[in-house]
J.: 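So that we are looking at the same thing, I have put the structure below in structure tokens.
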Amino acid sequence: MGDRLAGKVAFITGAARGQGRAEAVRFSEEGASVILVDLPGKIDNLVYEQSTRGDLDETIALCEAHGATVVAAEGDVRDLAGLEKIAADGVQALGGLDIIVGNAGIYTIGRLVGRDPVFPGVADVLTTQAWQDMLDINLTGVFNTVRAAAPHMIAQGKGGSVILTSSGAGLSGGPNIGHYVAAKHGVVGLMKSLAYELGSHGIRVNAVHPGQVDTHMIHNDETYRLFRPDLPEPSREAFEMVSVQINTIPVPYVQPIDIANAMLFLASDESRYITGVSLPVDAGTLV
């Protein structure tokens with residue numbers, strides 16, 4: 001356990017598992033108190049198994065095991081009023097707010113226009129609802145997170161750090177995930193604009209861009225088939241054989257802790273003059 005975030009309070013969305021859990025636990029290890037938000041099992045049409053309330057409870061327990069004080073709530077990032085209440089209750093309970101992590105997001109698959117003959121039966125034409133859900137959660141949800149929590153940081157008058165989860169897809173394009181690409185590019189523009197607007201308050205705003213990460217979001221049959229359309233039922237190992245080829249460092253994916261460590265640096269005073277930056281953590285995919 002360290003003290004890089006000693007005395008600080010962090011607000012983290014999408015905290016039930018995966019990257020959000022890793023960030024919450026890592027921050028707790030370094031002395032932060034945490035306000036955790038997730039929406040277990042209530043989003044339609046995802047290609048992977050959704051988180052549960054049990055997952056969120058496990059994250060709470062892991063944070064508390066490191067001595068962190070935890071405030072947790074089920075909340076939907078599409079619901080600004082709900083987020084505002086969670087943020088206000090958390091700040092009242094913990095006495096302040098120093099770090100905001102807009103992490104909650106979803107992943108679905110679909111072609112924007114027409115069908116892709118390379119991926120028959122997998123990349124069907126994207127529905128308007130799938131498009132809207134993606135933008136509502138992965139972009140508007142990030143805006144709502146900052147909109148709900150940043151006023152407390154401003155009022156505190158001590159500066160702070162806002163970190164937004166984009167993606168390697170926020171800096172490049174890709175087939176069958178155009179709605180995801182659009183949302184994650186939007187996060188970059190939002191980050192840069194917020195860095196301008198909040199800088200005068202001593203608040204830094206940056207984005208982290210994960211590549212493939214070892215979570216449920218990539219470990220599912222639909223993603224495996226996207227990577228291995230040559231196989232009727234590709235295995236994890238078959239997926240990894242292709243995934244490793246997109247990285248300059250020869251690994252098929254990074255781990256959630258790698259994202260959490262990057263977030264920790266941006267949350268800490270070690271990065272006190274870094275703002276408006278996109279930081280890829282992707283084993284070299286974007287190279």
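Any value given below was found using the heavy atoms of this structure, including those in side chains, with hydrogens, waters and symmetry copies removed.
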J.: Which heavy atom of Val251 sits nearest a heavy atom of Ala283, and at what distance?
T.: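 Shortest heavy-atom separation between Val251 and Ala283 comes out as CG2-CB, 3.7 Å.
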
J.: Treating Asp79 as the side-chain partner and Gly82 as the backbone partner, does any N or O pair qualify as donor plus acceptor under 3.5 Å?
T.: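 Yes, Asp79 side chain to Gly82 backbone: donor-acceptor pair under 3.5 Å.
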
J.: Say whether Val9 and Val70 are linked into one hydrophobic cluster, either directly or through other cluster members, by side-chain heavy-atom distances under 4.5 angstrom.
T.: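 No; Val70 is not reachable from Val9 via cluster members.
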
J.: With side chains defined as the heavy atoms from C-beta onward, is the minimum distance between Ile274 and Phe265 less than 4.5 Å?
T.: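 Heavy-atom side-chain distance check passes, below 4.5 Å.
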
J.: Give, for atom OH of Tyr253 and atom CD1 of Ile246, the distance between the pair rounded to the nearest 0.5 Å.
T.: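 It comes to 12.0 Å.
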
J.: For residues 146-164, dump all side-chain donor-acceptor pairs below 3.5 Å to protein atoms at least two apart in sequence or in another chain.
T.:
{"unit_1": "Gln156", "atom_1": "OE1", "unit_2": "Leu97", "atom_2": "N", "d": "2.9"}
{"unit_1": "Gln156", "atom_1": "NE2", "unit_2": "Leu97", "atom_2": "O", "d": "3.1"}
{"unit_1": "Gln156", "atom_1": "NE2", "unit_2": "Asp98", "atom_2": "OD1", "d": "3.0"}
{"unit_1": "Ser161", "atom_1": "OG", "unit_2": "Leu266", "atom_2": "O", "d": "2.7"}

J.: Does a donor on one side chain sit under 3.5 Å from an acceptor on the other, for Asn103 and Thr13?
T.: no

J.: Got Asn247 and Thr285 here, is their nearest side-chain heavy-atom distance under 4.5 Å?
T.: yes

J.: What is the minimum heavy-atom distance between Pro40 and Thr52, and which atoms define it?
T.: CB-C, 3.3 Å

J.: Heavy atoms only: give me the nearest Gly276-Lys192 pair and the separation to one decimal.
T.: O-NZ, 3.5 Å

J.: Val281 and Ile12: same hydrophobic cluster, using ILVMFWY side-chain contacts below 4.5 Å?
T.: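 Yes, it is one cluster - the side chains of Val281 and Ile12 are joined through contacts under 4.5 Å.
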
J.: Donor-acceptor pair, Gln50 side chain versus Ile43 backbone, under 3.5 Å?
T.: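 Pair found, side chain donor or acceptor close to backbone of Ile43.
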
J.: One pair to check against ring-ring contact (aromatic ring centres under 6.0 Å, His included): Tyr107 and His179. What are the steps and the verdict?
T.: CA-CA 9 Å; Tyr107 170 69; His179 54 327; 7.9 Å; no

J.: Quick one: do Lys8 and Asp269 make a salt bridge, cutoff under 4.0 Å?
T.: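 Judged by the 4.0 Å cut-off on N to carboxylate O distance, Lys8 and Asp269 do form a salt bridge.
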
J.: Cut-off 3.5 Å, side chains only: do Ser278 and His209 have a donor facing an acceptor?
T.: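 Their side chains do contain a donor-acceptor pair, which is all the 3.5 Å distance test asks for.
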
J.: Does atom CZ of Arg53 have more than 12 heavy-atom neighbours, drawn from other residues, nucleotides or ligands, at distances under 6.0 Å?
T.: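 Yes.
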
J.: Verify the distance criterion only: is there a donor paired with an acceptor across the side chains of Arg4 and Ser268 at less than 3.5 Å?
T.: no

J.: For a quick check under 3.5 Å, do Tyr224 and Glu233 share a side-chain donor-acceptor pair by atom type?
T.: no

J.: Any side-chain heavy atom of Leu190 sitting closer than 4.5 Å to one from Val142?
T.: yes

J.: With rounding to the nearest 0.5 angstrom, report the CZ to SG distance, Phe27 to Cys63.
T.: 10.5 Å

J.: So, taking the atom named CE in Met263 and the one named CG in Leu279, what distance separates them when rounded to the nearest 0.5 Å?
T.: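 Interatomic distance, Met263 CE to Leu279 CG, rounded to 0.5 Å: 9.0 Å.
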
J.: Determine the minimum heavy-atom distance between Val213 and Pro256, stating which atoms define it.
T.: CG1-N, 3.8 Å

J.: Can you find a side-chain donor-acceptor pair between Arg204 and Ser271 that sits under 3.5 Å?
T.: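 Judged by distance alone, the side chains do pair up.
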
J.: Crowded around Glu270 CD? As in, over 12 foreign heavy atoms under 6.0 Å?
T.: yes

J.: Looking just at side-chain N and O atoms, do Arg26 and Asn261 make a donor-acceptor pair shorter than 3.5 Å?
T.: yes

J.: How many angstroms lie between CD in Gln129 and CG in Leu126, if you round to the nearest 0.5 Å?
T.: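 Separation between the atoms: 10.5 Å.
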
J.: Any chance you could measure Leu226, atom CG, to Ile218, atom CD1, to the nearest 0.5 Å?
T.: 12.0 Å

J.: Looking at Ser166 and Lys184, would you say the former's side chain and the latter's main chain have a donor-acceptor pair under 3.5 Å?
T.: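 Answer holds: yes.
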
J.: Please examine the side chains of Pro280 and Leu286, heavy atoms only from C-beta on, and report whether any two atoms are closer than 4.5 Å.
T.: yes

J.: Quick one: does Tyr196's side chain get under 4.5 Å of Val205's, heavy atoms only?
T.: no

J.: Check Ile60 against Ala72 and note the closest heavy-atom contact, atom names and distance.
T.: CD1-CB, 3.4 Å

J.: Determine whether Asp38 and Glu74 make a side-chain contact, defined as any pair of heavy atoms from C-beta on separated by less than 4.5 Å.
T.: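 No. Closest side-chain heavy atoms not under 4.5 Å.
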
J.: Are the side chains of Leu83 and Val37 in contact, using a 4.5 Å heavy-atom criterion?
T.: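 With C-beta onward as the side chain, the pair touches.
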
J.: Report yes or no: does Ser193 contribute a side-chain atom to a donor-acceptor pair with the main-chain N or O of Gly189 at less than 3.5 Å?
T.: yes

J.: Identify the two heavy atoms, one from Gly14 and one from Ala104, that lie closest to each other, and give their separation to 0.1 Å.
T.: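 It is N-CB, 3.7 Å.
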
J.: Tell me whether the count of non-hydrogen atoms from other residues, nucleotides or ligands lying under 6.0 Å of CD in Gln92 goes above 12.
T.: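 No - once you tally the heavy atoms of other residues, nucleotides and ligands closer than 6.0 Å, there are 12 at most.
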
J.: State whether the side chain of Thr223 and the backbone N or O of His219 hold a donor-acceptor pair below 3.5 Å, judged by distance alone.
T.: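 Looks like no, no N/O pair under 3.5 Å.
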
J.: Could you measure the distance from the CE atom of Met191 to the OG1 atom of Thr165? Nearest 0.5 Å is fine.
T.: 11.5 Å

J.: Indicate if Val208 and Phe143 have the same hydrophobic cluster label, given that clusters are the connected sets of ILVMFWY residues with side-chain heavy-atom separations under 4.5 angstrom.
T.: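 Result: no, two separate clusters.
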
J.: Tell me, with the steps shown, if Val71 and Asp89 meet side-chain contact (heavy atoms from CB on, under 4.5 Å).
T.: CA-CA 8 Å; Val71 173; Asp89 290 347; 5.6 Å; no

J.: Name the one of Thr215, Leu56, Thr59 that satisfies side-chain contact (heavy atoms from CB on, under 4.5 Å) with Arg21?
T.: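 For Arg21, the side-chain contact (heavy atoms from CB on, under 4.5 Å) check succeeds only for Thr59.
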
J.: For Trp131 and Leu135, run side-chain contact (heavy atoms from CB on, under 4.5 Å): C-alpha distance rounded to whole Å, both residues' side-chain angles, the deciding distance at 0.1 Å, then the answer.
T.: CA-CA 6 Å; Trp131 168 271; Leu135 272 291; 3.7 Å; yes

J.: Report yes if some heavy atom in the side chain of Ile99 is under 4.5 Å from a heavy atom in the side chain of Phe11; otherwise report no.
T.: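 No - every pair of side-chain heavy atoms lies 4.5 Å or more apart.
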
J.: Is Tyr180 reachable from Ile259 through a run of hydrophobic residues whose side-chain heavy atoms are each under 4.5 Å from the next?
T.: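 Ile259 and Tyr180: separate clusters.
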
J.: Before you tell me yes or no, could you show the steps for Asp133 and Arg78 under side-chain contact (heavy atoms from CB on, under 4.5 Å), namely the whole-Å CA-CA distance, both residues' side-chain angles and the distance that decides it to 0.1 Å?
T.: CA-CA 9 Å; Asp133 288 344; Arg78 293 168 291 187; 4.2 Å; yes

J.: Should Val34 and Ile100 be counted in the same cluster of Ile, Leu, Val, Met, Phe, Trp and Tyr side chains packed under 4.5 Å apart?
T.: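 No; Ile100 is not reachable from Val34 via cluster members.
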
